[in-house]
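As structure tokens, the structure follows; a few thoughts come after it.
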Amino acid sequence: MHYGGDYYPEQWDPAIWREDIERMQEAGVTMVTVGVFAWARIQPREGEFDWRWLDEVLDLLHDAGIAVDLATATASPPPWATTAYPQMLPRDHEGVVYSPGSRQHYAPTSPDYRRLAADLVTVMAARYAQHPAVQMWHVNNEYGCHLHYDYSENAERAFRRWLEAKYRDIDTLNSAWGTVFWSQSFGSFDDVPLPRRAPYIHNPAAELDFRRFTSDALLELFVMERDILRDAGATQPITTNFMGAFPAADYWRWAQEVDIISDDTYPDPNDPAAYLDSAFTRDLMRSLRPGQPWLVMEQATEAANSRLTNAPKAPGQAEALSMQSVGRGADGILFFQWRQSRRGAEKFHSAMLPHAGTDTRIWREVVHLGETLRSLPELPAGPSGARIALVFRWDSWWASSSPDLPTIVDYERHVRTWHGAAQQLHLPVDLVRGDEDLSRYDLVIAPSLFLVDDRTAAALQRYVEAGGHLVVTAFSDVVDADCAFRDGGFTVALREVLGVETLEFGALVPAGGGHGPGLDAVTVRTPFGDLGGHTAAEVIRLRGAEVIGRFVDGREAGAPALTRHAFGDGHADYLATIPDAPAARAILESLSEHRAIAPLLEGEPVSFVDVSRRGDHVTIVNHGVTDVEVPISGTDISTGQPVTQVRLQPFEWAIIRTEGETR
Ligand code: GLA
């Protein structure tokens with residue numbers, strides 16, 4: 001179990017380094033990330049490197065038994081680089097150049113940036129690949145975090161080459177994108193524009209490819225640095241820090257390229273339900289590489305400094321959220337940052353060692369968390385015990401974010417709604433792509449899977465045929481991988497499985513607009529209660545499915561809204577609207593009973609209690625503000641005593657070794 005944070009020795013006098021290391025030892029720090037923003041300090045001018053300070057820092061840390069996650073420092077190019085090569089700066093969609101003076105001011109496709117980054121990493125790798133302090137490599141930092149999309153000329157050139165590699169000839173692109181519409185047919189790849197500011201909306205197929213390209217272009221940077229490190233003989237695991245459900249990078253693809261998943265997490269302490277959001281991103285990280293532990297690379301001990309108001313974490317909350325991550329497979333808890341800065345844009349950001357010093361609540365909590373993590377036994381990596389899978393797909397997210405849809409579909413929020421409902425019922429959930437083997441799940445939910453490619457359709461079909469239970473909701477199976485309608489209407493790829501066909505999308509006005517029932521929200525009557533829906537009330541035609549629920553209001557009052565279709569040995573449900581949180585919960589309650597999926601805790605679900613499983617170890621965290629009592633049988637690993645229930649104060653946690661099922 002690693003413990004530590006980002007360490008910026010370059011911000012401090014060397015005399016402070018020694019004090020830092022003593023304090024790190026006091027706090028039980030085992031690993032620090034060094035060098036994330038040190039490019040200018042390492043390379044003051046092109047061709048000139050100063051490694052002395054970093055040599056000294058690495059040696060000091062090593063002598064103190066503290067491992068280093070060495071960053072490649074490429075996230076913030078130094079001023080000389082942009083002065084010499086201004087064409088490496090990125091542009092926004094209006095063509096405005098982003099200025100240096102902050103960070104991440106580089107176009108990911110810029111040949112100058114790539115060359116300079118490669119030069120730096122080559123020299124760094126040669127110097128430190130064998131250094132005993134270096135236990136991990138941290139490539140760049142939060143790829144794309146501020147600039148999701150770059151519209152520079154470099155990007156345009158690279159996009160064209162990416163398209164050429166994908167489509168080979170321009171007529172294939174013309175046909176896939178449907179460029180005959182609005183006179184957009186291209187004569188050559190060099191005619192293809194970036195989706196910059198235009199008089200009206202862009203071709204959605206072009207937008208979708210631009211997003212795919214951007215994720216790939218960022219990933220190419222990671223792979224470039226990783227390969228330089230490997231070629232220099234580095235054998236340590238190589239990572240880059242993810243950002244949860246980050247919209248601009250398809251982490252399913254990225255997860256194949258890193259050695260270990262690491263993630264940054266900043267839930268808003270002002271939001272009592274934020275623990276559900278962080279449960280979602282923790283489960284996502286766990287699911288990206290099933291069965292392999294991952295790391296929390298960054299989180300705040302107290303306040304962040306990127307929100308309009310930056311609430312502090314309450315006493316004990318940093319530990320509660322850390323244990324939520326541990327319960328979901330994290331084998332390391334690191335913070336941004338070790339010592340609070342005295343200058344610069346993030347000087348208000350909290351740290352393990354606050355500006356106010358060691359006689360502070362934060363420092364005491366940091367020391368306590370270090371002791372806690374040290375005292376944990378080795379925890380099995382998995383399995384999570386999830387019998388429910390939730391499909392989460394970047395390509396479908398991108399396709400359903402375009403501005404030309406019948407209504408605004410908040411895909412990520414919709415997926416989170418299902419995940420949150422499952423967490424409130426203490427039902428563990430894995431995130432899946434939907435095109436893999438799903439046979440170990442009793443229930444698979446595909447919320448608003450707008451884009452369904454052939455491979456995913458086939459996998460979902462196989463899953464149901466073999467006895468699975470699939471739930472699909474409104475705005476699913478609308479377009480294919482080219483963002484085009486399929487022949488034969490909507491819900492074509494999954495029609496055989498679902499036994500329904502969508503005829504109209506029945507857009508509702510955005511919720512909260514005061515338009516009233518039937519216009520901004522609908523009710524679906526089912527044998528297990530009334531369900532609330534929003535965003536759409538689709539008109540569907542039965543193609544073999546039976547009706548379980550009907551709309552009771554709105555344009556479609558009386559029409560089918562929830563259906564079930566027996567297909568092969570399994571069943572597929574279709575919900576012709578987007579459920580609100582109570583509706584998702586009611587459906588999950590009904591289906592988990594039907595499929596005999598037991599929650600991780602016996603009895604009634606307990607509010608604000610988060611439960612997760614790593615093999616036979618169940619982690620329970622109370623994220624609420626009142627004491628709770630939770631029934632669970634096993635051995636409390638903190639006391640070694642058998643228990644049949646645990647009592648937890650606000651932000652308290654327990655890990656119970658159970659003898660229950662561990663699949
Ligand atoms: C991100 C970055 C860090 C820092 C923190 C502040 O996670 O990676 O460099 O800016 O945010 O919350």
Side-chain angles (χ1 to χ4, degrees), residues 10 35-51 54 70-127 137-165 189-190 192-196 210 213-232 238 240 248-249 254 257:
E10 67 274 22
V36 178
F37 298 110
W39 192 344
R41 181 72 185 79
I42 291 170
Q43 195 181 7
R45 272 164 290 280
E46 192 169 3
E48 192 182 316
F49 295 92
D50 175 5
W51 300 107
L54 192 50
L70 187 58
T72 56
T74 50
S76 192
W80 59 257
T82 46
T83 303
Y85 308 103
Q87 60 280 22
M88 74 186 256
L89 293 168
R91 287 175 188 264
D92 74 6
H93 77 297
E94 294 180 331
V96 176
V97 179
Y98 286 100
S99 160
S102 180
R103 62 177 177 184
Q104 216 179 80
H105 44 282
Y106 60 85
T109 52
S110 154
D112 292 315
Y113 171 75
R114 289 186 177 203
R115 176 175 44 77
L116 295 174
D119 287 352
L120 170 64
V121 180
T122 303
V123 185
M124 185 185 257
R127 191 169 191 93
W137 289 91
H138 181 296
V139 171
N140 199 284
N141 191 63
E142 292 193 340
Y143 275 110
C145 75
H146 305 299
L147 294 183
H148 294 190
Y149 298 101
D150 166 42
Y151 300 84
S152 65
E153 282 172 17
N154 284 314
E156 188 162 64
R157 270 191 294 274
F159 183 45
R160 289 169 176 165
R161 298 294 77 83
W162 184 92
L163 291 170
E164 204 167 353
F189 284 98
D190 290 331
V192 182
L194 285 186
R196 297 191 177 102
F210 180 60
F213 152 76
T214 295
S215 176
D216 284 0
L218 290 168
L219 182 55
E220 220 172 76
L221 287 183
F222 169 79
V223 169
M224 174 189 85
E225 291 196 23
R226 182 201 63 192
D227 290 351
I228 293 172
L229 294 168
R230 283 281 175 260
D231 290 348
I238 302 175
T240 184
W254 284 63
E257 303 292 346

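Numbering starts at 1 and runs along the sequence shown. Only heavy atoms go into these numbers, but all of them, side chains included; no hydrogens, no water, no symmetry mates. All of these numbers come straight from a predicted model, not from anything done at the bench.
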Judged by atom type as modelled, is there a donor-acceptor pair below 3.5 Å linking the side chain of [X] to the main-chain atoms of [Y]?
| X | Y | value |
| --- | --- | --- |
| E257 | V223 | no |
| R196 | G95 | no |
| S152 | R91 | no |
| H105 | Y98 | no |

- Do the side-chain N and O atoms of D112 and Q87 include a donor-acceptor pair separated by under 3.5 angstrom? yes

- Could I get the full list of side-chain contact (heavy atoms from CB on, under 4.5 Å) partners for L221, not counting sequence neighbours? Y106, P108, Y113, R114, Y143

- Are any of the side-chain nitrogens in E156 or R160 under 4.0 Å away from the carboxylate oxygens of its partner? yes

Find the distance between [atom1] ([X]) and [atom2] ([Y]) and round it off to the nearest 0.5 Å.
| X | Y | atom1 | atom2 | result |
| --- | --- | --- | --- | --- |
| Q43 | E48 | CD | CD | 9.0 Å |
| L116 | S110 | CG | OG | 7.5 Å |
| R103 | F37 | CZ | CZ | 4.0 Å |
| N154 | L89 | CG | CG | 10.0 Å |
| R41 | L54 | CZ | CG | 9.0 Å |
| D50 | I42 | CG | CD1 | 9.0 Å |

Can you name the nearest heavy-atom pair linking [X] to [Y], along with the distance?
| X | Y | answer |
| --- | --- | --- |
| A117 | M224 | CB-CE, 4.1 Å |
| N140 | T72 | N-OG1, 2.9 Å |
| A73 | G35 | CB-O, 3.2 Å |

- Task: If the plane angle is over 60° it's perpendicular, under 30° parallel, otherwise tilted; pick one for W254 and F222.
- Result: tilted

- Fit a plane to each ring of W39 and W80, take the angle between them on a 0 to 90° scale, and name the class: parallel (under 30°), tilted (30 to 60°) or perpendicular (over 60°). perpendicular

- Axial cation check for Y85 ring with R115, 6.0 Å and 45° limits: yes

- Message: Applying side chain to side chain contact (heavy atoms under 4.5 Å, CB included) to M124 and W51, what does each step give before you reach the verdict?
- Response: CA-CA 9 Å; M124 185 185 257; W51 300 107; 3.6 Å; yes

Below 4.5 Å, heavy atoms only, C-beta onward: do [X] and [Y] meet side chain to side chain?
| X | Y | answer |
| --- | --- | --- |
| Y151 | E94 | no |
| R226 | W137 | no |
| L229 | V139 | yes |

- How about E46: does its CD atom have over 12 heavy atoms from other parts shown lying under 6.0 Å from it? yes

- Query: Where do T109 and R157 land on the side chain to side chain contact (heavy atoms under 4.5 Å, CB included) test, with the steps shown first?
  - Reply: CA-CA 9 Å; T109 52; R157 270 191 294 274; over 6 Å; no

